[in-house]
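Have a look at the structure below before the remarks.
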Amino acid sequence: MTTTRFVEKWVEEAAGLTDPSRTVWCDGSKAEYDGLIESMLRDGTVLSLNPRTYPNCYLHRSHPSDVARTEQLTFICTRAREDAGPTNNWMAPAEAKARLGELFRHSMRGRTMYVIPYLMGPAGSPMSRTGVMVTDSAYVVASMHTMTRVGDVALQHMRDPEDFVAGLHSLGDLSPERRFIMHFPEERLIWSIGSGYGGNALLGKKCHALRIASWQARQEGWMAEHMLILGLEDPDGQVTYLAAAMPSASGKTNLAMVVSKLPGYRVWTVGDDIAWIYVDPQGQLRAINPERGFFGVAPNTSPNTNPNGMAMVRANTIFTNVALTTANEPWWEGIDTEPPAGLIDWQGKPWQSGGAPAAHPNSRFTVPAGQCPSIAPNWEEPQGVPISGFIFGSRRARVVPLVFEAFDWTHGVFLGSAMGTETTAAITGQVGVVRRDPMAMIPFCGYNMADYFSHWLSIGSRLHNPPKIFRVNWFRKDADGRFLWPGYGDNVRVLKWIVERIRGTAAATETPIGYVPSPGAIELSGLDVAPSTLAAALHCDRDEWFEALDELRVFYEQFGPRLPAPIKQAHAHTARQFRA
Ligand code: GTP
Ligand code: SPV
Ligand code: MN
C-alpha cells in the first residue's frame, strides 16, 4: 500500500490512544469484504439471508438504542463559536478533545483497528477527495466498502501528503451517554464514538462529504449539498440533469431512481444523497456524486413505489434493522405483502400483529450504486454532469404547494433558506414535528448557516446562466389526512413541467410565492387525479403563508447581522406581496 508519512503518523497516534490488539490496513478488495462478512457471520454481527433469492445479502441488527442519527450529540468544534453558528451544537476544540480523549483511551483494547483509506468521488475526478478513517467495527468497514472507494485509489488521489480528512471512530460501549460525533473543520478531523449507525459511523458520508466538505467548499468556492442528482430523458432522447435537496427520509432515493409513469420519459440515477457541485470554466455548474453506494430507507420501498430499489437490493446488500421471514428474506412495512406468519422483528423477537412495526421505521439497505437498474451510464464521469435546475423539497402536510418556481436565483436561495419540514425516523427524537431545515442542510452544514446562505448567493453571481430553482412538496394532505398527490412514479409529471420551464415552454402563473403551474400545465393523462385535487395541491393559502413567514422571521433573527440582506429583502418583499 502506498501511503504517506502523515497518514502513518496519524494512524500511529490513533492506535496510541485507543490501544487496539492489532491494526489492519484495508485494501478494498473483494477478498477483504468476504473475510469481513465471514467474521461477522461467526460472531453474529450479521445473519445470512436466503442465498437463493438474496445472494450475498446479510441482515445486521443494531443495538436497539443505536438506530438513527443523534443530532443532539453532534458538534462542530471551531475555534470561534460564531463560525459554527446558532443552528449547530458547538464545543471548543480543546474541550472536545479532552472529553472524547477520555472515552477513546483504550477503547479498542482487545479489538482490531481497521485503517480505511477511502475516496469520495469517481476515480480521476478533480473534485474527488481522500479520507482516512480508523474504526473497530467490521460492519463499518464492510459498509465503507460499498459506500466509498476503498484502498490505493484513495491515496493516489491525494494532492499533497497531508491532503486527507482524518476520521477516528470507535463503537465504545454504544451507550448514548458516551456517544459523540465531533467535527473539527479547521483541522479536517472527525472524532466519532459510541455509535455504529450510518450517518454517525460511516464517516465518509455526512461527517466528511457534508459537514467537513461544506466548510472546504465555502473556502474553495464550490458546494457540498444534501442532494440527489438525476437526469430526466424526454421522448426525444434529450437528458436534463437536476439536483434536489430534501431532508432525511423525504424522498431523495425514491426520486433519484423513479420509474416514470409518463410514457416516453425516463429517469437516470447519478446520486441519491450527496452532491458536490462546482463552477466549470464556462460558468456552468457541474455535479458529481461523492458516494459509491446507497444507504436507503427500507420501509415503503415496494415493487409499486420503487421497482428499481426493489431490484437492486436482491444481491450484495446489507440490510440493517429490517424484519426477517421464515424463508430468510427481508421484510418491512409497505413492501406490499401481508406480514407473513412467523415474522421475526428487527430486534430478533417473534413479531406480534397489531404491535410495534416489525422493521424499524429507519431500517435501511446498503447497496452498490452500480446495481441500480437506472444508474446513469455516465454516473462516474470525472467531470460530473451539468446541472440545469435545483429542486428544494420537504415534507409539509399543509402550506407548501406541490410545485412552484422561484423568480430568480436570489429568490430561489430565499425559498431554500425558508424550507421547513416534518421530522422523520432518520433522526432520534419526535417524528412529525415541523422544524426549519434550510436546503435540507440543518443537520449537515459544517459552519454558520448565515454564511452558507451568502455562499449560495455568491455562487449565483459566478454563473453564466444560473439554474432555475424549484420548490416541491409531495406530502401535502387534504382535510381527511390523505395525500393530495400520488407521488413516486407520478412525480415525473412534475419533473416534466420543471424541465419544460427550464426550456421556456411550460405555462405558469405568477403569484406572491413564485410561478405556479397554470391549469392544464401538469400532464394528468392516464392518472386518476381530478383537476380540482391538483388545484388544491397547488393552492397557496394567504393566511397559512402569513403564519409561515412570521415563523421564518423568528428563525432568521437568530443570525443577527450575519443574515445576508438579499434574504431579508426577499422575505420582506414576499410579506408585502401578500398584504397588497
Ligand atoms: P435519506 O437517505 O434519509 O437522506 O432519505 P431520502 O430523502 O433518500 O428518503 P427516501 O427516498 O428514502 O424516502 C423516505 C420515505 O419517504 C420512504 O418511506 C418513502 O417511501 C417516502 N416517499 C418517497 N417519495 C415519496 C412520494 O413521492 N410520496 C410519498 N407519499 N412518500 C414518499
Ligand atoms: C440521512 O439521515 O439523511 C441519511 C442517512 O442519509 S444517514 O447516513 O444515517 O445520515
Ligand atoms: Mn441523507
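Every number for a ligand or one of its atoms is a count from 1 in the order of the listing.
The atoms of ligand 2 that sit less than 4.0 Å from any heavy atom of Arg69 are 1 (C), 2 (O), 3 (O), 9 (O), 10 (O). The Asp273 neighbourhood of ligand 2 comprises atoms 6 (O), with distances under 4.0 Å to a heavy atom of that residue. In summary, the atoms of ligand 2 found under 4.0 Å from a heavy atom of His226, numbered by their order in the structure, are 3 (O). Proximity to Tyr197 (heavy-atom distance under 4.0 Å) selects the following atoms of ligand 2: 5 (C), 7 (S), 9 (O).
Taking any N or O of Thr301, backbone or side chain, none lies under 3.5 Å from an N or O belonging to ligand 1. Between Met246 and ligand 1, no pair of N/O atoms sits closer than 3.5 Å. Ligand 1 has no nitrogen or oxygen under 3.5 angstrom from a nitrogen or oxygen of Pro486. Any N or O atom pair closer than 3.5 Å counts here, and Ala249 shares at least one such pair with ligand 1.
Comment: Glu422 does not engage Arg398 in a salt bridge, judged by the lack of any side-chain N to carboxylate O separation of less than 4.0 angstrom. Of the charged side-chain nitrogens involved, at least one lies within less than 4.0 Å of a carboxylate oxygen, so that Lys252 and Asp273 count as a salt-bridged pair. Between Glu405 and Arg501 a salt bridge is recorded (basic side-chain N to carboxylate O distance below 4.0 Å). For Arg179 and Glu177, the salt-bridge test fails: no basic side-chain N is under 4.0 Å from an acidic carboxylate O. Looking at Arg435 and Glu71, a side-chain N of the basic residue comes within less than 4.0 Å of a carboxylate O on the acidic one, giving a salt bridge. At a threshold of 4.0 Å, the pair Lys496-Asp234 does not count as salt-bridged, since none of the basic side-chain nitrogens sits closer than that to a carboxylate oxygen.
Rounding to 10 degrees gives 90° for the angle at the Mn ion (ligand 3) between NE2 of His226 and OD1 of Asp273.
At a cut-off of 2.8 Å, Lys206 coordinates the Mn ion (ligand 3) through an N, O or S atom.
Across Lys252, Arg364, Met227, heavy-atom proximity to atom 2 (O) of ligand 1 is greatest for Arg364.
Remark: of the listed residues Thr533, Asn491, Asp490, Asn473, Asn491 is the sole one forming a side chain to side chain donor-acceptor pair (under 3.5 Å) with Trp485.
Residue contacts with ligand 1 do not include Ala256, since none of its heavy atoms lies under 4.0 Å from the ligand.
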